[in-house]
Amino acid sequence: MTPENKGTAQLTIAMVLSGTLGLFVVESGASPFNVVFFRVLFGALALGTYVVARGWLRGHGFTPRTLGLAVLGGVFIVFNWVLLFESYRNTSISVATVVYHTQPFYVVLLGALLFRERLTAAKAGWIGVAFAGLVLVSGVTPADFTGGGSYLTGIGQALLAALLYGLSTLVTKRITGVRPHLIALVQVLVGIPLLLPFADFGAMRGTGWDWGWLAGLGLIHTGVMYVLMYAAYAKLPTAKIAVLAFVYPAVAMVMDWAVYGHHIGLVQALGVPLIVAASLKVTLARTPAAAPAPRTAARAPEAASRTATPAASEA
């Protein structure tokens, strides 16, 4: 098997795992703050064990500046997860995931706003197409604005989660010379003290087998998934990574339909290809004035923690 084929298999598996994230969150029965707290707790154990076993703590490459950036990125990532998981409850896994997949557009817009990165007319146009698709996918009607329902709140939570993910991505892109596994480890470690005041341990009494879902979020969706993603990124071109990233929302929508009977309507479905096409165009657009993407010490692309990607996540 060639390195690229191996990377394709690794990233496909990682994106399939990411697509099952919503199932684990819902089936755990825990509040979003509790879910994220135990995800970062179990995730830190998984990633920490892997990093120590590989001997990467020695010569980690962090400086006070890059460690501070990793911590800041962790703050964004942790609350991004909380908002996304809240959105699952107020909308559905399918709708929340597709809305959340507007992350690449926030990265471009925030980069232009905060760091004066070049925003071409073509990118701006495709972002407009994406948000037209977002309006269709959301299925929001005028009644949602006057009825005070939770659905509109859920859409807003997914959008805000995507915004926080975009901020984390921009911050993490500025960390060089550090393995992405170590950055992800710092980010989940940050979440433990950050979420401790919000965790309701009393609500976890008698949880029973639901602990398995919470452990899975940390061990599988944060430990195994991240290791697979970062290994794949070092072997794959950007174009293939961008295309395979859409395995995540596709699997999430299938899981939501198969397990809970939720599916998006015909009009909503019309927005999905608009978001997919725009995301690929923005992600793969050539920007001649842009500097080369920073690389880690292991020559793997820098990446923020993904949900579903990753993502970090990803979700």
Side-chain angles (χ1 to χ4, degrees), residues 7-28 32 35-36 39 42-43 46 77 80-104 133-134 137-138 154 157-159 161-162 165 169 184 212-233 236 240-264 268-269 271-273 275-277 279-280 283 303-315:
T8 299
Q10 289 171 325
L11 189 55
T12 300
I13 294 170
M15 292 298 97
V16 170
L17 290 176
S18 189
T20 66
L21 179 72
L23 175 66
F24 278 67
V25 171
V26 174
E27 290 300 309
S28 73
V35 170
V36 179
R39 179 182 186 178
F42 288 118
I77 278 294
N80 142 80
W81 285 338
V82 172
L83 286 165
L84 178 61
F85 298 166
E86 283 276 11
S87 182
Y88 289 162
R89 303 171 72 178
N90 290 321
T91 57
S92 68
I93 294 172
S94 297
V95 171
T97 301
V98 175
V99 172
Y100 181 67
H101 223 71
T102 55
Q103 307 153 354
L134 173 64
V137 169
S138 68
Q157 289 166 334
L159 285 172
Y165 180 89
T169 300
W213 298 104
L214 293 172
L217 284 167
L219 302 177
I220 298 173
H221 294 91
T222 310
V224 175
M225 190 177 78
Y226 282 8
V227 170
L228 287 171
M229 281 197 311
Y230 296 144
Y233 289 161
L236 297 177
K240 184 163 283 189
I241 292 173
V243 171
L244 290 176
F246 285 96
V247 172
Y248 158 40
V251 172
M253 293 171 74
V254 170
M255 295 295 295
D256 199 21
W257 167 75
V259 179
Y260 303 111
H262 298 156
H263 60 85
I264 61 176
Q268 290 175 293
V272 175
I275 294 175
V276 171
S279 179
L280 290 174
T283 302
S305 179
R306 298 188 181 217
T307 70
T309 128
S313 288
E314 315 326 182

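Throughout, residue positions are numbered sequentially from 1 according to the sequence presented.
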For this session: Please check if any side-chain donor atom of H221 sits under 3.5 Å from a side-chain acceptor atom of T20, or the reverse.
Result: yes
Check: Going by heavy atoms in the side chains, are H263 and S94 under 4.5 Å from each other?
Finding: no
### Message
Contact between R39 and W81 at the side-chain level, heavy atoms closer than 4.5 Å - yes or no?
### Response
yes
The reported gap from OG1 in T283 to CD1 in I241 (rounded to nearest 0.5 angstrom) is 10.5 Å
Distance col, row Q10:CD vs Y230:OH, nearest 0.5 angstrom, shows 14.0 Å
Review point. Can you find a heavy atom in the side chain of L236 that is under 4.5 Å from one in the side chain of L244?
Key: yes
*Mind checking whether Y233 and L11 have side chains closer than 4.5 Å, heavy atoms only?*
yes
To the nearest 0.5 Å, atom CZ of F42 lies from atom CD1 of I220 at 12.0 Å
Separation between CE (M255) and CE (M253), nearest 0.5 Å, reads 14.0 Å
*T222 side chain vs L217 backbone, donor-acceptor pair below 3.5 Å*: yes
Quick one, Q157 and F85 - any side-chain contact, counting heavy atoms below 4.5 Å? no
Minimal heavy-atom distance between P249 and H101, with the atoms involved, is CD-CE1, 3.8 Å
Closest heavy-atom pair, A162 versus T102, reported as atoms and distance to 0.1 Å, is CB-OG1, 3.8 Å
d(Y100 OH, Y248 OH) to nearest 0.5 Å is 6.0 Å
Tell me, do I264 and V272 make a side-chain contact under 4.5 Å, heavy atoms counted? yes
Less than 4.5 Å apart, any side-chain heavy atom of V35 and any of W213? no
d(F24 CZ, L17 CG) to nearest 0.5 Å is 8.0 Å
In short, A96 meets L84 closest at the heavy-atom pair O-CD1, 4.2 Å
Heavy-atom closest pair (V99 atom, A158 atom, distance to 0.1 Å) is CG1-CB, 3.7 Å
Tell me whether S279 contacts the main-chain N or O of I275 through its side chain, where contact means a donor paired with an acceptor under 3.5 Å. no
Closest non-hydrogen contact found for S92 with H262 is CB-ND1, 3.9 Å
Scanning both residues in full, the closest heavy-atom pair of V137 with G271 reads CG2-C, 3.6 Å
M229 side chain reached by M15 side chain, heavy atoms, under 4.5 Å = yes
(Q) So does L83 get a backbone contact from the side chain of S87, meaning a donor-acceptor N/O pair under 3.5 Å? (A) no
Taking the side chain from N80 and the backbone from I77, do they hold a donor-acceptor pair closer than 3.5 Å? yes
